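Not measured: the values here are computed from a predicted model. Here is the naming used below: chain letters follow the sequence lines, and residue numbers restart at 1 for every chain.
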Protein chains: 2
Amino acid sequence: MAARRKTGNVTLKDIAQATGFSANTVSRALADKPDISEETKAVIREKASQMGYIANALASFLRSGVSRNIAILVGDISNPHFSVMVKEMQTLLQRRGYNSIIFNTEEKAAVEKQAITTSLSQNVDGIILCPAPGGEENIRFLQMHGKPFVMIGRHFSGEDASFVICDDVHGGYAAARYLLDRGHKDILFLNGPRGISSSAERLEGYRAALEEKGIAYRSELVQTVPVTSRRGTEKMRDILSQRAECTAVLVFNDILAWQVICILGELGRKVPEQCSVVGFDNIKYPYPVHLTSVSSSKTTMAKRSVEILLKKLEGQKGAGEECVVLETDVVEGGTVAVLNEKR
Amino acid sequence: MAARRKTGNVTLKDIAQATGFSANTVSRALADKPDISEETKAVIREKASQMGYIANALASFLRSGVSRNIAILVGDISNPHFSVMVKEMQTLLQRRGYNSIIFNTEEKAAVEKQAITTSLSQNVDGIILCPAPGGEENIRFLQMHGKPFVMIGRHFSGEDASFVICDDVHGGYAAARYLLDRGHKDILFLNGPRGISSSAERLEGYRAALEEKGIAYRSELVQTVPVTSRRGTEKMRDILSQRAECTAVLVFNDILAWQVICILGELGRKVPEQCSVVGFDNIKYPYPVHLTSVSSSKTTMAKRSVEILLKKLEGQKGAGEECVVLETDVVEGGTVAVLNEKR
DNA sequence: CTGTTAGCGCGTTCAT
DNA sequence: ATGAACGCGCTAACAG
């Protein structure tokens with residue numbers, strides 16, 4: 001039995017004693033350095049495995065300055081939009097030898113700040129984050145600390161930082177256009193919170209589509225809805241019962257869109273016959289009826305963001321910032337009806 | 001500007017130099033130890049915050065042996081059943097000053113083993129895991145290493161280990177009984193993989209219910225379905241098209257249950273009129289139609305498992321193993337019909 | 001109340 | 001090809 005210390009684990013020193021080599025040689029053998037003879041490596045590896053050696057990653061970091069840990073910050077891991085991306089990123093990072101630490105920001109800048117601080121204190125090598133509303137300060141904080149990071153799904157104008165987003169202007173435009181083309185004129189837009197690019201840009205697209213069709217923009221038809229709390233449901237219920245004139249609803253994300261469908265049902269309005277609904281994110285729910293939704297390339301976002309971050313970490317010095325804008329479009333489901341009325 | 005080292009961060013030493021105290025005094029002041037004068041603490045805290053000091057958690061661990069990191073291992077974070085629990089656990093852990101590191105095991109013992117090894121190498125203080133099929137070996141591995149852990153959702157008989165599970169025997173019984181009471185006799189059971197307690201125990205309950213009703217158990221009506229891969233869908237399609245005589249399907253989890261509903265739709269069978277479906281996990285999807293499903297107290301599982309783990313970590317020595325079995329029952333939705341046929 | 005010493009486990013550097 | 005010395009940043013243990 002090996003000597004047991006504070007952590008109760010087998011250390012390099014234990015293997016050194018057991019094999020007669022120095023701790024150093026053991027370290028280099030296990031790291032497969034070229035200056036150790038194959039013979040020695042074999043002996044050491046054998047002994048290490050036999051003793052159940054597990055390297056202490058934390059001590060290793062302390063010396064090398066590399067933790068091979070990446071932090072992933074998202075608004076809410078229980079939202080499939082995020083959990084699917086997170087899972088994908090984890091897989092990709094794992095494959096490249098990185099672990100990931102996941103944080104929920106609850107879409108609050110203060111919580112995000114806390115998550116970033118913890119990430120820094122855990123010495124993650126880099127961060128992938130979907131920034132919370134009003135989190136510009138946090139981005140500057142990261143930049144100040146020189147910690148490599150990539151934003152996904154949202155960005156802040158003015159910051160020179162890498163991001164991978166969807167073309168939200170076009171997304172908002174395409175969704176509105178899709179509804180307008182099917183005869184809808186009064187389109188309620190239940191948008192996400194202010195302070196994030198996706199809300200602002202989708203609205204921009206929505207307005208552009210209206211304008212193009214010569215339909216007046218009515219600000220009372222655009223409302224902001226909380227994305228994480230239960231209060232969002234209440235607010236949507238209020239709005240929907242007051243806006244019965246709307247023949248279609250465009251909703252910030254698919255979860256909320258489904259909630260809208262439920263609320264409409266409670267209000268006695270059948271979807272899509274009496275009201276059409278379009279969401280964002282195109283989450284592949286296993287449900288007989290598919291939601292008509294604006295696509296977001298979750299797999300691509302995950303892939304590109306990991307690539308960009310790792311290039312920053314491993315690439316030659318100062319790989320510049322990369323900004324990726326992915327295409328997006330309406331994916332047809334069964335929640336939109338064509339209006340025939342001639343008036 | 002403070003001196004910058006390998007990690008580029010402000011260290012205790014920097015604060016020591018800036019304030020004229022020793023690194024040690026700074027450490028103890030920031031840790032709010034009682035043997036430092038309030039005055040000194042104030043000075044040091046002020047300076048630390050001004051310099052943007054962020055403690056190096058890894059170095060801290062190396063010395064103290066406490067990382068305040070917990071690993072959470074689940075089959076698939078993109079499954080709401082897990083992501084909801086994970087989120088809840090994260091919140092609770094955070095509140096107690098712990099970070100969490102999440103791993104997907106893909107329901108494979110080998111991947112789980114890897115996740116455990118990484119967790120150990122990251123020196124997490126403890127682990128909460130939903131063990132993968134055939135992962136008994138991994139549990140023994142954890143026990144061998146003396147790493148505190150709690151299993152959730154599943155357990156292995158014979159291991160003296162803490163776990164928090166649902167009463168799956170009763171869950172299987174209640175679900176079958178619910179269908180039998182509504183006139184269903186040919187109940188297809190699409191069960192989870194062998195090698196986990198939930199599959200085995202639900203089957204046990206299913207059989208007990210049949211027996212109680214004097215209905216013969218037909219092994220061809222019980223099939224195992226992969227829970228993570230896309231192959232599960234294919235397999236279910238095959239089975240469902242061959243078992244048209246069944247008037248009801250009991251499915252291992254809600255995701256698969258919804259897939260079953262979709263497949264039945266493709267096969268021209270309407271739910272619940274032509275076939276009833278019951279799932280497990282009672283996931284709160286925001287759909288207009290609710291799935292009839294066997295409840296699982298996700299919040300309670302999360303809460304209890306965190307409690308038990310933290311008691312092990314912080315409590316007086318040798319807090320014994322705790323086994324919690326939570327009640328479960330059928331939650332009515334709209335996917336089960338009452339059979340009227342008199343034959 | 002505060003400073004000094006020491007060492008957690010590892011990897012880098014230099015010497016042999 | 002291998003070993004010895006050193007230090008990453010922090011805190012436990014002891015001095016005073």
Hey, does the Lys NZ or Arg CZ of Lys147(B) hover above the aromatic six-ring of Phe141(B), less than 6.0 Å from the centre and inside 45° of the axis?
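No, a cation-pi geometry is absent between Lys147(B) and Phe141(B).
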Establish, for the pair Lys47(B) and Phe21(B), whether the NZ or CZ atom is under 6.0 angstrom from the six-membered ring centre and no further than 45 degrees off its axis.
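The answer is no, since Lys47(B) fails at least one limit relative to Phe21(B).
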Taking the side chain of [X] as heavy atoms from C-beta outward, which of [options] is closest to it?
X        : options                  : answer
Ser60(B) : dT2(D), dT11(D), dC1(C)  : dT11(D)
Ser64(A) : dT12(C), dT2(D), dG9(C)  : dT12(C)
Ser37(A) : dA1(D), dC10(D), dC10(C) : dA1(D)
Leu62(B) : dC8(C), dT2(C), dA12(D)  : dC8(C)

[X] [atom1] to [N] [atom2], straight-line distance once rounded to whole Å:
X         : N       : atom1 : atom2 : result
Lys33(A)  : dT13(C) : NZ    : C1'   : 12 Å
Asn123(B) : dC10(D) : CG    : P     : 17 Å
Asp35(B)  : dA15(D) : CG    : P     : 16 Å
Asn56(B)  : dC8(D)  : CG    : P     : 12 Å
Phe61(B)  : dA12(D) : CZ    : C1'   : 15 Å
Ile15(B)  : dT11(D) : CD1   : P     : 11 Å
Leu58(B)  : dG7(C)  : CG    : C1'   : 17 Å
Met51(B)  : dG9(D)  : CE    : P     : 13 Å

Closest-nucleotide mapping onto DNA chain C: is Ala57(A) or Ile36(B) further toward the 5' terminus? I mean the 5' end.
Ile36(B)
If you pin Lys41(B) and Ala59(B) to their nearest nucleotides in DNA chain C, which one's is more 5'?
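The residue whose closest nucleotide sits nearer the 5' end is Lys41(B).
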May I ask you to verify if any side-chain N or O of [X] is less than 4.0 angstrom from the OP1 or OP2 atom of [N]?
X        : N       : answer
Tyr53(B) : dC10(D) : yes
Ser27(B) : dT11(D) : yes
Ser22(B) : dG3(C)  : yes
Thr40(B) : dT2(C)  : yes

Between [N] and [X], counting only base atoms on the nucleotide and side-chain atoms on the residue, is there a donor-acceptor pair under 3.5 Å?
X        : N       : answer
Arg28(B) : dT11(D) : no
Asn24(B) : dT4(C)  : yes
Arg63(B) : dG9(C)  : no

Electrostatic pair [X]-[Y], nearest N-O below 4.0 angstrom:
X         : Y         : value
Glu137(A) : Lys113(A) : no
Asp125(A) : Lys312(A) : no
Glu107(B) : Arg154(B) : yes

Could you walk me through whether Gln122(B) and Asn69(B) pass side-chain hydrogen bond (donor to acceptor under 3.5 Å, both in side chains), step by step?
CA-CA 8 Å; Gln122(B) 294 280 337; Asn69(B) 281 152; over 6 Å; no
Scan Leu12(B) against the nucleic acid and name what it touches under 4.0 Å (heavy atoms): base, sugar-phosphate only, or nothing.
base
